[in-house]
Amino acid sequence: MREMSDRQCEICGADISGSPERIVIDGSVLEVCKSCARFGKPEDKWSPVPRKIVPVERSFRVQKPKPRDHFRDLVEVVPDYGNIIKNARESMNLSLEDLALRIKEKASLLRKIEREELVPEDDVRKKLEKELKIKLTEETTEEKLKSRGGSKVLTLGDIANIRKR
Ligand SMILES: [Zn+2]
């Protein structure tokens with residue numbers, strides 16, 4: 001049995017006069033002096049799930065606003081774009097070379113796109129869409145939300161609704 005006066009704060013090492021404060025930090029019980037008690041939770045309020053202290057750096061990152069045009073880059077090319085291009089081209093009786101000439105791109109590039117080895121870049125995609133009168137993009141989530149009548153920020157309820165589908 002140790003005497004009370006022998007106890008030292010497990011945080012700062014100071015001698016503890018009287019009863020030590022028992023606190024919980026990351027699931028461990030520490031005996032500390034009164035001035036260090038604020039670093040943890042009192043033992044009797046300990047909950048079985050230890051709460052991690054959020055690093056300061058991370059909470060800063062969370063508060064950082066997202067770039068406004070973040071969603072504009074999220075134009076998604078449809079998954080079967082290769083077939084759509086090929087079918088449209090063949091229905092117009094165009095060879096790869098013909099189409100390549102019309103939109104001033106290389107036939108080898110178009111072949112790769114039709115095989116879906118390559119996702120067409122925006123300018124190529126737009127030329128293909130115009131030339132073949134097709135649509136190769138999907139609406140982004142933001143556009144879908146807007147068409148529902150709200151341009152507001154996503155709420156937890158919105159996210160739950162999206163997951164239900
Ligand atoms: Zn202390």
Side-chain angles (χ1 to χ4, degrees), residues 1-85 105 108-129 134-165:
M1 279 264 296
R2 290 194 297 171
E3 297 290 322
M4 284 290 211
S5 58
D6 288 333
R7 290 180 194 266
Q8 291 182 324
C9 170
E10 290 183 57
I11 291 178
C12 69
D15 288 326
I16 298 169
S17 54
S19 313
E21 304 284 328
R22 289 170 71 88
I23 60 161
V24 178
I25 293 178
D26 258 359
S28 312
V29 179
L30 300 177
E31 292 187 344
V32 300
C33 68
K34 283 190 169 55
S35 60
C36 290
R38 65 195 162 90
F39 292 123
K41 288 176 167 182
E43 189 188 15
D44 56 353
K45 285 180 186 166
W46 182 75
S47 63
V49 182
R51 241 177 89 190
K52 287 267 162 83
I53 297 160
V54 179
V56 175
E57 193 196 332
R58 200 174 135 200
S59 56
F60 270 118
R61 206 175 293 149
V62 169
Q63 286 163 6
K64 205 172 166 184
K66 282 181 182 174
R68 275 177 188 274
D69 56 353
H70 176 69
F71 281 105
R72 275 182 211 153
D73 296 324
L74 276 183
V75 179
E76 296 255 349
V77 175
V78 291
D80 54 345
Y81 62 93
N83 273 328
I84 294 172
I85 295 167
E105 295 289 342
S108 58
L109 176 78
L110 296 182
R111 187 174 290 114
K112 279 183 183 168
I113 291 171
E114 283 192 1
R115 287 177 183 167
E116 295 177 9
E117 290 168 9
L118 198 75
V119 178
E121 287 182 19
D122 266 8
D123 58 333
V124 178
R125 174 179 55 77
K126 281 170 187 162
K127 283 192 279 186
L128 284 168
E129 287 177 331
I134 53 176
K135 191 154 167 42
L136 296 174
T137 54
E138 288 178 328
E139 279 186 359
T140 63
T141 306
E142 192 189 41
E143 281 169 321
K144 280 175 191 163
L145 288 175
K146 269 182 187 165
S147 65
R148 278 194 341 197
S151 58
K152 63 190 172 77
V153 177
L154 274 183
T155 65
L156 284 176
D158 291 329
I159 290 162
N161 283 335
I162 291 165
R163 285 186 185 152
K164 267 184 220 161
R165 287 183 203 149

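Here the structure is a predicted model, which means the values were calculated and not measured. Atoms within each ligand, like the ligands themselves, are counted from 1 in listed order.
Taking CD of Glu114 as the start and CG of Leu128 as the end, the distance is 8.5 Å to the nearest 0.5 Å.
Near-neighbour remark for the Zn ion (ligand 1): protein N, O or S atoms under 2.8 Å are Cys9 SG, Cys12 SG, Cys33 SG, Cys36 SG; waters not counted.
Side chains of Ile11 and Phe39 form a contact here, defined as non-hydrogen atoms less than 4.5 Å apart.
Within a 6.0 Å radius of NZ in Lys112, no more than 12 heavy atoms belonging to other residues, nucleotides or ligands are found.
A distance-only check finds no donor-acceptor pair linking the side chain of Glu21 to the backbone of Cys36 [under 3.5 Å]. At distances below 3.5 Å, not a single donor-acceptor pair connects side-chain atoms of Glu138 with backbone N or O atoms of Glu76.
Residues Asp122 and Arg125 are paired through a salt bridge, judged by an N-O separation under 4.0 Å between the basic side chain and the carboxylate.
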